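These numbers were taken from a predicted model, which means no experiment stands behind them.
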Amino acid sequence: MRVAAIDCGTNSIRLLIADIEGANFREIHREMEIVRLGQGVDKTGQFHPDAILRTLAAVDKFAIEIAKRGVEKIRFCATSATRDATNRDLFIDGVKERLGIGPEVIPGEVEAALSFQGATRDFPPTDGPFLVIDIGGGSTEFVFGTNTVEFAKSMNIGCVRMTERHFTGGDADPGQIAAAIEDIDEAIAQAAKIVPITQSKTLIAVAGTATTVAAAALELRTYDRYAIHLSRISAEKVHAVSKQFLAMKREDREALGYMHPGRVDVIGAGSLVLSRIMLATGAKEFVASESDILDGMAWSLV
């Protein structure tokens with residue numbers, strides 16, 4: 001069966017088209033657009049009209065791709081920013097017009113379960129229990145389990161949200177970093193009341209923040225998802241990369257060959273979230289995975 005999954009987060013919207021027969025999964029097409037749907041949502045509680053227009057323009061592109069490739073089933077999930085926006089119906093109605101289906105505005109726990117399903121398929125159960133960390137634009141999911149999700153918690157410490165809260169003045173200064181660390185650590189402590197974050201055998205990190213940190217740690221010249229997928233990045237490297245991103249000028253981050261233009265402004269905050277999670281869990285390394293919520297959504301359609 002040919003399926004399409006669309007994941008619309010706070011920072012990016014992504015499409016995966018795949019053929020799934022039994023246990024066989026064949027990727028046909030994957031693409032991402034940075035649309036920053038969550039622009040200003042943390043402060044205003046509403047979608048900015050420009051953000052809706054940018055996102056629906058990407059949906060138009062995806063609709064053409066879906067029609068061209070003969071997709072039989074579609075699942076569209078919207079996450080943190082859409083959960084928080086009081087004017088979400090403007091966005092939902094726009095998607096319905098273009099795709100004939102409305103986006104599911106999924107709670108953090110469903111988002112966590114889909115991320116877990118996508119991220120852990122490449123690992124034998126003997127590598128468990130797993131802690132899957134999904135640092136998105138608006139929220140970060142903490143998911144623990146071996147074969148299925150046992151504990152999960154979603155916290156509002158995504159890279160866009162943290163940037164808008166703490167790093168609005170361009171270059172990060174020590175006071176901003178200290179305030180962000182306090183905010184992040186408090187959220188991690190709240191998650192740890194629900195999720196046993198120090199008890200996993202394997203820590204897997206998914207989504208753009210984690211894979212960009214991996215690209216930096218691996219010293220890649222350009223973004224290479226095949227080199228990044230299942231790479232093991234030490235905690236020391238994570239801390240060093242985070243400090244590097246926070247210390248760099250915007251134009252220097254922009255010049256990095258592996259850096260997506262839409263991540264330039266938010267990677268400092270995102271890498272700090274990952275660094276603080278590594279400290280809190282005591283994990284010596286994380287495994288970077290290119291399989292995530294999109295893959296979990298695709299599998300859910302069969």
Side-chain angles (χ1 to χ4, degrees), residues 9-12 34 36-46 48 51 80-81 84-85 108 133-142 153-193 197-198 203 205 207-217 233-256 258-283 286:
T10 300
N11 196 41
S12 65
I34 299 277
R36 200 68 59 87
L37 178 61
Q39 173 192 341
V41 168
D42 189 60
K43 186 180 288 185
T44 66
Q46 291 196 323
H48 192 286
S80 178
D84 295 348
I133 301 296
D134 183 349
I135 302 171
S139 63
T140 293
E141 278 63 55
F142 298 77
K153 185 67 177 170
S154 178
M155 301 301 300
N156 283 339
I157 50 169
C159 60
V160 173
R161 201 182 294 264
M162 289 297 96
T163 300
E164 290 185 351
R165 276 189 201 170
H166 300 289
F167 301 113
T168 51
D171 299 330
D173 64 45
Q176 290 173 326
I177 294 169
I181 286 173
E182 188 177 341
D183 195 359
I184 292 163
D185 286 356
E186 186 180 330
I188 294 170
Q190 289 297 316
K193 291 178 181 178
I197 66 171
T198 61
L203 191 158
T209 287
T211 58
T212 302
V213 169
I233 310 299
S234 71
E236 289 77 13
K237 282 272 193 184
V238 174
H239 304 321
V241 167
S242 180
K243 282 181 182 172
Q244 177 191 357
F245 283 154
L246 286 164
M248 290 172 90
K249 298 286 186 189
R250 187 188 192 284
E251 56 266 28
D252 295 329
R253 291 194 304 274
E254 207 168 22
L256 296 168
Y258 54 77
M259 183 71 66
H260 191 287
R263 297 206 188 281
V264 172
D265 293 327
V266 298
I267 192 60
S271 65
L272 186 60
V273 172
L274 182 57
S275 175
R276 301 310 293 181
I277 289 171
M278 298 299 290
L279 276 174
T281 60
F286 81 87

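R253 places a side-chain N or O within donor-acceptor distance of the main-chain N or O of M248, the cut-off being under 3.5 Å. Proximity of a side-chain donor or acceptor of T10 to a complementary backbone N or O of G137 within less than 3.5 Å is not detected. Checked by atom type and distance alone, the side chain of E164 never pairs as donor or acceptor with a backbone atom of Q39 at under 3.5 Å. Put simply, the side chain of R36 gets close to the backbone of G262: a donor and an acceptor are under 3.5 Å apart. No side-chain donor-acceptor contact under 3.5 Å links S275 to the backbone of S271. Side-chain atoms of E182 do not come within 3.5 Å of backbone N or O of A179 as any donor-acceptor pair.
More than 12 non-hydrogen atoms from other residues, nucleotides or ligands lie less than 6.0 angstrom from CD of E254. Summarising the local packing, CD of Q244 is surrounded by more than 12 heavy atoms from other residues, nucleotides or ligands at distances under 6.0 Å.
Contacts classified as salt bridge (Lys or Arg N to Asp or Glu O under 4.0 Å) and involving residues 237-246 (residues at least two apart or in different chains) are not found.
Going from atom CD1 of I135 over to atom CG of L274 covers 4.5 Å, rounded to the nearest 0.5 Å. Here CG of L203 is found 11.5 Å from OG1 of T198. Values are rounded to the nearest 0.5 Å. Here the CZ atom belonging to R276 is positioned 4.5 Å from the CD1 atom belonging to I181, to the nearest 0.5 angstrom. For the atom pair N11 CG and T163 OG1, the distance stands at 8.5 Å (nearest 0.5 Å).
For the pair I188 and M155, the minimum side-chain heavy-atom distance is 4.5 Å or more. Between M278 and H239, some side-chain heavy-atom pair lies under the 4.5 Å cut-off. At least one side-chain heavy atom of F142 sits less than 4.5 Å from a side-chain heavy atom of I197. The closest side-chain heavy-atom distance from T140 to I277 is below 4.5 Å. Residues R263 and F245 form no side-chain contact, since every pair of their non-hydrogen atoms from C-beta on lies 4.5 Å or further apart.
Of all heavy-atom pairs spanning M162 and N156, the tightest one is CE-O, 3.7 Å. For the residue pair V41 and A85, the shortest heavy atom distance occurs at CG1-N, 4.4 Å. Among all heavy-atom pairs drawn from A283 and A235, the shortest one is O-CB, 3.5 Å. Listed here is the closest heavy atom pair of V273 and I184: CG2-CD1, 3.7 Å. Residues L246 and A172 share a closest heavy-atom pair of O-CB, 3.8 Å. Between F286 and V238, the closest heavy-atom pair is CE2-CG2, 3.5 Å.
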